[in-house]
Amino acid sequence: MPGKEITPGPRGVPLLGNLPEFGKDPLAFFEKLRAQGDVVSWQFGGKPSLFIAHPDQVGELLTEVERTFDQPDLGIAFRTLLGNGVVVAKGPDWRRKRSLVQPSVRPKQVRSYAATMTECAVDLADRWKPNQRIDIKREMAALTQLIAVRTIFGVDTAADAGAIGRAMDVAQQEIGAEFSGLGAVLPDWLPTPGRARIKRATEVIDAEVSRVVARHRDGDTDRPDLLSRLLTAQDETGAHLSDQEIRDETVTLYIGGHETTSSTLIWSWYLLSRSPEVQDALWSELDEVLGDRDPTFDDFAHLTYTQSVVKETLRLYPTIWLLTGIAKEGAQIAGNPVPVGTRVWSSQWATHRDARWFPEPERFRPERWQSENDIPEYAWFPFGGGPRVCLGTRFAMVEAVLILAVLARRYRLAVDPAEIRPVPSLTLQPDREVLATVEAR
């Protein structure tokens, strides 16, 4: 049978292709391609690319990674921060690292981290006061940093969280700037101010990680944190992760445990403040399930509407906003052979806002996750999918739901009415501070 038609995309410019338009506003560019068709050709830096929007084709890309699609090189800025961790590694190296990291984030382990999540959120709730003015972006970042530092490193001093958090902010901004700008086509050896900044930030992160790893090696090895589990993990040959591998996986887990949840919570508060009926429904569930107590891990399964609020937030403002793959021999998309080396792009932002799968796609409607069961697989893929699905999916969902339950049970955050625009960097972040007034329920 013939394949689905490939729609020619917008004309680009010599050498750079569609990179200038993509770099100006990647989210709008992907929405433009989605409006043109389910499979659209375009040029990234003069190199042939395909954009896919239909869940069937997204599924083809995600499930065929490691067989007919390869992990792309996301640039020197990305590699500088993440090294060769499980997100970046390929082939047998990826399979080995995944097998070593996965036990640290299995449901049993996530249960053991849930108490820390709730405890940190309760401490924040106790510090908030009615009529207090806060920056939600700063508050959620500090909270999830503390949780990440405690669950990953087993320490919680302000210096640990602050130093790593500030450096991570710089690194994330530079990755986004390089990926969507001219840096995407510049050779790795060419120095730029942005590359210098991410190098300095990474040096801070490396120093902090090395210091904490040394503390663990010199102390008690039977600790419940993620780092201790990585230090004792062994592959099938009995080999442990090297110091460099420990560093790479620790940074990867930190991003997954802090950046993604922080971003999701910021957008959740933003959306809730603009949707009184959703806020009321959330309060109703929290009152029914929790009463006057704070949540535990066992409450997670019963907080179904709270989960739906998080899922709907991730639909509208997906933390990870694009995924790509490079075609290998035998690759196909929608029945069409894909030439070796072609880069295939998918965007959570674009597919999640497609009216075919989500009626009234711009509306914040958590109830769609409780009543609309015909949403196709891969119409919603904030954590990726297939063999390389995010290992921290369970951790991130439990963390976001428990934090939201703790804070929303006691407060409403009245976010200032000015529109907040998303900025696509390493994760999808607000373009400025998110100011709000704390209101007691």
Side-chain angles (χ1 to χ4, degrees), residues 104-105 107-129 132 134-166 168-169 208-209 212 215 223-229 250-251 253-269 272 282 286 289-290 292-300 303 306-307 309-310 313 319 392-413 427 434 436 438 440-441:
S104 299
V105 289
K108 178 182 177 181
Q109 305 307 331
V110 174
R111 170 184 281 272
S112 71
Y113 307 138
T116 297
M117 298 170 184
T118 299
E119 178 185 341
C120 291
V122 169
D123 287 345
L124 177 60
D126 289 341
R127 291 196 300 274
W128 281 355
K129 305 298 179 187
Q132 179 182 349
I134 63 170
D135 177 0
I136 296 177
K137 184 176 179 181
R138 182 180 302 170
E139 295 283 317
M140 294 302 101
L143 173 58
T144 56
Q145 280 175 11
L146 182 58
I147 293 171
V149 168
R150 283 189 180 182
T151 56
I152 296 173
F153 301 118
V155 295
D156 59 6
T157 66
D160 293 319
I164 295 175
R166 287 189 297 273
M168 199 68 74
D169 286 344
E208 288 293 326
V209 171
V212 178
R215 184 188 304 172
R223 297 163 59 127
D225 53 82
L226 282 160
L227 178 54
S228 296
R229 298 184 191 282
T250 299
V251 171
L253 287 169
Y254 180 90
I255 293 172
H258 157 52
E259 297 288 345
T260 57
T261 307
S262 173
S263 174
T264 300
L265 289 167
I266 294 165
W267 293 116
S268 291
W269 291 117
L272 284 167
L282 175 62
L286 296 178
V289 175
L290 301 177
D292 59 357
R293 64 178 176 83
D294 292 307
T296 67
F297 178 83
D298 290 334
D299 293 310
F300 174 80
L303 294 170
T306 313
Q307 290 185 45
V309 167
V310 173
T313 299
T319 307
T393 297
R394 179 73 169 176
F395 185 105
M397 282 296 298
V398 170
E399 183 181 24
V401 166
L402 292 182
I403 290 174
L404 195 61
V406 168
L407 299 177
R409 187 179 69 81
R410 293 166 60 173
Y411 299 107
R412 173 182 181 270
L413 298 187
T427 56
V434 183
V438 177
R441 283 192 56 194

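Quick caveat: nothing in here was measured; it's all calculated off a predicted structure. All values below were derived from every heavy atom in this structure, side-chain atoms included, with hydrogens, water molecules and symmetry-related copies excluded.
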Mind checking the [atom1]-[atom2] spacing from [X] to [Y]? Nearest 0.5 Å is all I need.
X	Y	atom1	atom2	value
Lys137	Ser262	NZ	OG	8.5 Å
Gln145	Cys120	CD	SG	12.0 Å
Leu402	Ile147	CG	CD1	9.0 Å
Leu253	Phe395	CG	CZ	8.5 Å
Arg127	Leu143	CZ	CG	8.0 Å
Met140	Leu404	CE	CG	9.0 Å

Shortest non-hydrogen separation from [X] to [Y] and the atoms involved:
X	Y	result
Arg394	Phe297	NH2-CZ, 3.7 Å
Leu407	Ala121	CD2-O, 3.7 Å
Glu119	Arg150	OE2-NH1, 3.5 Å
Ser112	Arg229	OG-NH2, 4.4 Å
Asp299	Asp294	OD2-O, 4.3 Å

Name all residues meeting the salt bridge (Lys or Arg N to Asp or Glu O under 4.0 Å) criterion together with [X]; count only those two or more places apart in sequence or in a different chain, and write none if there are none.
X	value
Asp126	Arg410
Arg138	none
Asp135	none

Could you tell me whether the side chain of [Y] reaches within less than 4.5 Å of the side chain of [X], counting heavy atoms only?
X	Y	answer
Tyr113	Leu226	yes
Leu272	Leu413	no
Thr144	Ile403	yes
Leu124	Leu146	no
Leu286	Leu303	yes
Thr296	Thr118	no

Handout entry: Any donor-acceptor N or O pair under 3.5 Å, side chains Thr264, Thr319
Key = yes
Exercise for the section: Report the C-alpha separation of Thr261 and Met117 in whole Å, then their side-chain angles, then the decisive distance to 0.1 Å, and conclude whether the side-chain contact (heavy atoms from CB on, under 4.5 Å) test is met. Expected result: CA-CA 11 Å; Thr261 307; Met117 298 170 184; over 6 Å; no
Practice task
Keeping the roles fixed (side chain from Arg409, backbone from Arg293), state whether a donor-acceptor pair exists under 3.5 Å.
Solution key: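 It does hold such a pair.
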Handout entry: Sidechain-backbone polar pair: Gln307 side chain, Phe300 backbone, donor-acceptor under 3.5 Å
Key = yes
Practice task
Return the orientation label for the Trp269 and Trp128 ring planes: parallel under 30°, perpendicular over 60°, tilted otherwise.
Solution key: perpendicular
Handout entry: Salt-bridge criterion met for Asp298 and Arg111 (N-O under 4.0 Å)
Key =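 Arg111 and Asp298: salt-bridged.
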